[in-house]
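Counting from 1, the numbers follow the sequence of the chain as shown.
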Amino acid sequence: IIVILALAAPLFAKYDPHAYTGLIFQRPSAQFWMGTNDVGQDVWSNLLYGGRTSLIVGFGAATLGLLISVLIGCLAAFLGGIFDNVLMRLVDVILAIPPIVLILLIAAYLKPSMFILILLLSFFLWPSGARIVRAQVLLLKSSTHINAARTFGAGLFYLIWRHIIPEMGPILSVLLIQNARKAVFMEAGLSFLGVSDPAIISWGKMMQQALSFSYLDIWKWCLLPAGMALSLTITGLMLISFSLESVLNPRLQGRKDNDYVAGY
């Protein structure tokens, strides 16, 4: 539902999200379903377009981070030796760096934009996925069909594209959803801290603007919709990742069947 509302925002929005409606701090009514903010913008319209921002940044960073994870994890597993050690130590270093601190430092020198934010978030999403990919590739590269492909002269990138990635499809699907959940949360947090393009509407920015008027009773009508939308999006993505993992992982499926038989 959230994805449909975000993608079809122009159809569901009653006003332009940047337009001045002429009324500020209006409570929810038939004219303004979720009221208006401090500059007279319709909160419902901002909520829909803010969802677009969160989903674009979330899945953009998740996809780019997953591609880097697959590349680094496969190269580390296939090449091994010093190359593997260097890449894994690089993963450890990146995981040890607090993301918020580094992003704030980079944002001080770069102009905030959606593209820059996607690049920064993907930089912190790929290390954990690279570890998982590397572990799976170490198991797969000794399988019969991989050895047969090598015997017939298959190159490294051919093996990755035609054999490794299809074999890891279920795991990569779960990683993509988990990365998207993390990216949506991080994007909202950075927007709340002011690290975002001022011209782009986002849920984190809506919450930040609402808290600036906490001394007025109307502030909650600007804060609660964005907070609820963010919570529901993160919860939905988390439940999807859990469901995918339980369906696509045969070990978990077998455990569920055993639990059912034992309970019966």
Side-chain angles (χ1 to χ4, degrees), residues 3 55-95 99 118-119 121-186 233-261:
V3 170
L55 293 178
I56 290 174
V57 172
F59 281 96
T63 303
L64 182 57
L66 183 63
L67 293 176
I68 300 174
S69 297
V70 171
L71 179 61
I72 299 298
C74 290
L75 290 178
F78 272 108
L79 299 180
I82 298 178
F83 194 82
D84 182 21
N85 291 331
V86 171
L87 288 179
M88 289 302 100
R89 297 298 76 76
L90 177 62
V91 167
D92 294 337
V93 169
I94 297 177
L95 289 175
I118 290 175
L119 291 180
L121 293 180
S122 63
F123 177 77
F124 290 100
L125 290 175
W126 72 264
S128 57
R131 281 183 169 180
I132 298 174
V133 171
R134 173 182 174 273
Q136 293 297 318
V137 174
L138 287 175
L139 295 175
L140 290 174
K141 74 175 187 177
S142 59
S143 58
T144 304
H145 63 286
I146 298 294
N147 290 329
R150 282 180 165 178
T151 302
F152 285 100
L156 175 59
F157 290 99
Y158 180 87
L159 290 174
I160 294 174
W161 178 251
R162 295 298 300 271
H163 295 282
I164 297 299
I165 292 180
E167 287 280 348
M168 294 195 306
I171 296 176
L172 297 181
S173 301
V174 175
L175 282 177
L176 178 66
I177 300 298
Q178 290 180 347
N179 285 348
R181 174 178 57 85
K182 296 176 184 177
V184 168
F185 181 76
M186 293 175 67
T233 302
I234 294 175
T235 303
L237 291 174
M238 179 183 66
L239 294 176
I240 290 174
S241 67
F242 287 164
S243 300
L244 282 175
E245 187 174 7
S246 62
V247 170
L248 299 176
N249 191 335
R251 294 181 179 179
L252 294 179
Q253 191 65 37
R255 188 183 306 169
K256 284 186 176 182
D257 296 339
N258 293 334
D259 293 343
Y260 173 76
V261 172

| query | Val174 and Ser241: which non-hydrogen atoms are nearest, and at how many Å? | reply | CG1-O, 4.1 Å

| Does Leu176 reach the side chain of Thr63, with side-chain heavy atoms less than 4.5 Å apart? | yes

| Is the shortest heavy-atom distance from the side chain of Leu237 to the side chain of Phe185 under 4.5 Å? | no

| message | For a 4.5 angstrom cut-off between non-hydrogen side-chain atoms, does Trp126 reach Leu71? | response | no

| field | Least distance between heavy atoms, Ser143 atom then Ile146 atom | value | OG-CG1, 3.2 Å

| task | Could you pull out the closest heavy-atom pair between Leu172 and Leu66, with the gap in Å? | result | O-CD2, 3.7 Å

| note | Separation between CG (Leu90) and CG (Asn85), nearest 0.5 Å, reads 12.5 Å

| message | With rounding to the nearest 0.5 angstrom, report the CE to CG distance, Met168 to Leu139. | response | 10.5 Å

| task | State, to 0.1 Å, how close Val91 and Ala130 come at their nearest heavy-atom pair, and which atoms those are. | result | CG2-CB, 4.5 Å

| message | Other residues, nucleotides and ligands only: do more than 12 of their heavy atoms fall within 6.0 Å of CD1 on Ile82? | response | no

| request: Begin from the C-alpha positions of Arg89 and Asp92 and carry the test side-chain contact (heavy atoms from CB on, under 4.5 Å) through to its verdict. | output: CA-CA 5 Å; Arg89 297 298 76 76; Asp92 294 337; 3.0 Å; yes

| said: To the closest 0.5 Å, what do you measure between CG (Leu125) and CD1 (Ile118)? | reply: 11.0 Å

| request: Say whether, by atom type as modelled, one donor and one acceptor occur between the side chain of Ser122 and the main chain of Gly65 under 3.5 angstrom. | output: no

| Rounded to the nearest 0.5 Å, how far apart are CD1 of Ile160 and CZ of Phe78? | 6.0 Å

| field | Heavy-atom check, side chain of Arg134 versus side chain of Leu87, under 4.5 Å | value | no

| note | Distance col, row Phe83:CZ vs Leu75:CG, nearest 0.5 angstrom, shows 5.0 Å

| field | Inter-residue atom distance Ile68.CD1 - Leu64.CG, 0.5 Å rounding | value | 4.5 Å

| Heavy-atom pair with the smallest gap, counting every atom of Val184 and Gly58 | CG2-CA, 4.0 Å

| query | Should Pro99 and Lys182 count as side-chain neighbours, where that means a heavy-atom distance under 4.5 Å? | reply | no

| said: Taking the side chain as everything from C-beta on, heavy atoms only, tell me whether Val133 gets closer than 4.5 Å to Cys74. | reply: yes

| remark: Taking every heavy atom of Ala183 against every heavy atom of Leu121, the minimum-distance pair comes out as O-CD1, 3.8 Å

| Side-chain heavy atoms of Lys141 within contact of Leu159, under 4.5 Å | no

